[in-house]
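Here's the structure we're looking at; comments come further down.
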Amino acid sequence: VPQFLLHSSVPCARPRIAVTQPRRVAATSLAVRVSAEVGCALGGLVGYTVRFDDRSSDKTRLKYLTDGALLAEMLGDRDLERYEVVVLDEAHERSLRTDMLMGFLKGCQERRRDKVAQWVKVGSKVEEGVRPPTELKIIVMSATIDAERFSDFFDK
C-alpha cells in the first residue's frame with residue numbers, strides 16, 4: 001500500500017508518507033526492501049527513522065519509522081506538516097505509544113483540516129516556494145482489526 005501511495009497523485013503531486021511499524025527491525029528491513037524494489041538508494045526516495053538511527057533526507061518521500069520515532073517528530077512538528085499521509089501499520093499490535101499516536105493524529109488531522117478551510121476561506125493564492133496547507137490522510141492497516149471502530153474514532 002505505501003508504494004501505491006508513493007506513485008499516486010493523491011493528495012498532492014508528490015505525497016510525503018510516514019509508515020509506522022511496531023518494531024525497529026520491521027521499519028528498517030521494510031525500508032531496505034522497498035528502496036531496492038523502487039530502485040533507489042536507502043535514504044533517498046525511501047528511508048527510515050528509528051531511535052538512534054536516521055536514514056532519511058529532505059528528498060525522502062516514503063519514510064518507515066517506529067511509533068516512538070513519529071511521536072518524537074511530533075515534538076518539533078506538532079501537526080506533522082512534513083507529511084500528507086500517515087500509515088499506521090500493524091495496528092492490531094497496539095501499545096501505549098500506538099494509542100497515544102492515534103489520539104495525537106486525530107487532533108493533528110482536525111487542526112490541519114481547519115487550516116485548509118481557513119486558507120480557502122480567505123482565498124489565499126499559492127506562492128512559489130510555499131506549500132499550501134494540506135489535510136492529513138490517516139490509513140490504519142491490520143489483518144485482524146475492527147475497522148468500524150477505528151473508522152468511527154477518526155470520524156470517517
Original post:
Below 4.5 Å, heavy atoms only, C-beta onward: do Leu80 and Val86 meet side chain to side chain?
Top reply: yes
Original post:
Do Asp53 and Tyr48 have side-chain heavy atoms sitting under 4.5 Å apart?
Top reply: yes
Original post:
Tell me, do Leu105 and Leu136 make a side-chain contact under 4.5 Å, heavy atoms counted?
Top reply: yes
**OP:** Kindly indicate whether the side chain of Leu88, heavy atoms from C-beta on, has any atom under 4.5 Å from the side chain of Leu101.
**Re:** yes
Original post:
Can you check whether Lys115 reaches Glu81 side chain to side chain, under 4.5 Å on heavy atoms?
Top reply: yes
Original post:
Considering all heavy atoms of both residues, which atom of Phe153 and which atom of Gly103 are nearest to each other, and what is their separation?
Top reply: CZ-CA, 4.1 Å
Subject >> Nearest atoms (heavy-atom pairs only) where Gly43 meets Ser57 >> reply: O-OG, 2.9 Å
**OP:** Please report the shortest heavy-atom distance between Arg111 and Asp79, naming the atom on each side.
**Re:** NE-OD1, 2.5 Å
**OP:** For the residue pair Arg97 and Thr66, establish whether any side-chain heavy-atom pair is separated by less than 4.5 Å.
**Re:** no
**OP:** Show the numbers, then the answer: is there a side-chain contact (heavy atoms from CB on, under 4.5 Å) between Lys121 and Gln118?
**Re:** CA-CA 5 Å; Lys121 183 179 178 181; Gln118 182 63 28; 4.2 Å; yes
Subject >> Sidechain N-carboxylate O distance under 4.0 Å for Glu135, Arg112 >> reply: no
**OP:** Check the pair Glu73, Leu65 against side-chain contact (heavy atoms from CB on, under 4.5 Å), reporting the backbone distance first and the verdict last.
**Re:** CA-CA 10 Å; Glu73 283 193 21; Leu65 30 67; 3.5 Å; yes
**OP:** Check Gly47 against Thr60 and note the closest heavy-atom contact, atom names and distance.
**Re:** N-CG2, 3.6 Å
Subject >> Rounded distance [0.5 Å steps], OG1 in Thr134 versus CZ in Arg113 >> reply: 12.0 Å
Subject >> Over all atoms of both residues, closest heavy-atom pair of Ala27 and Val50 >> reply: CB-CG1, 3.9 Å
Original post:
If you count the non-hydrogen atoms of other residues, nucleotides and ligands that lie under 6.0 Å from CD in Glu148, is the total more than 12?
Top reply: no
Subject >> Any side-chain heavy-atom pair of Val34 and Tyr64 under 4.5 Å >> reply: yes
Subject >> Test log, rule side-chain contact (heavy atoms from CB on, under 4.5 Å), inputs Val87 and Val1 >> reply: CA-CA 9 Å; Val87 178; Val1 172; 5.5 Å; no
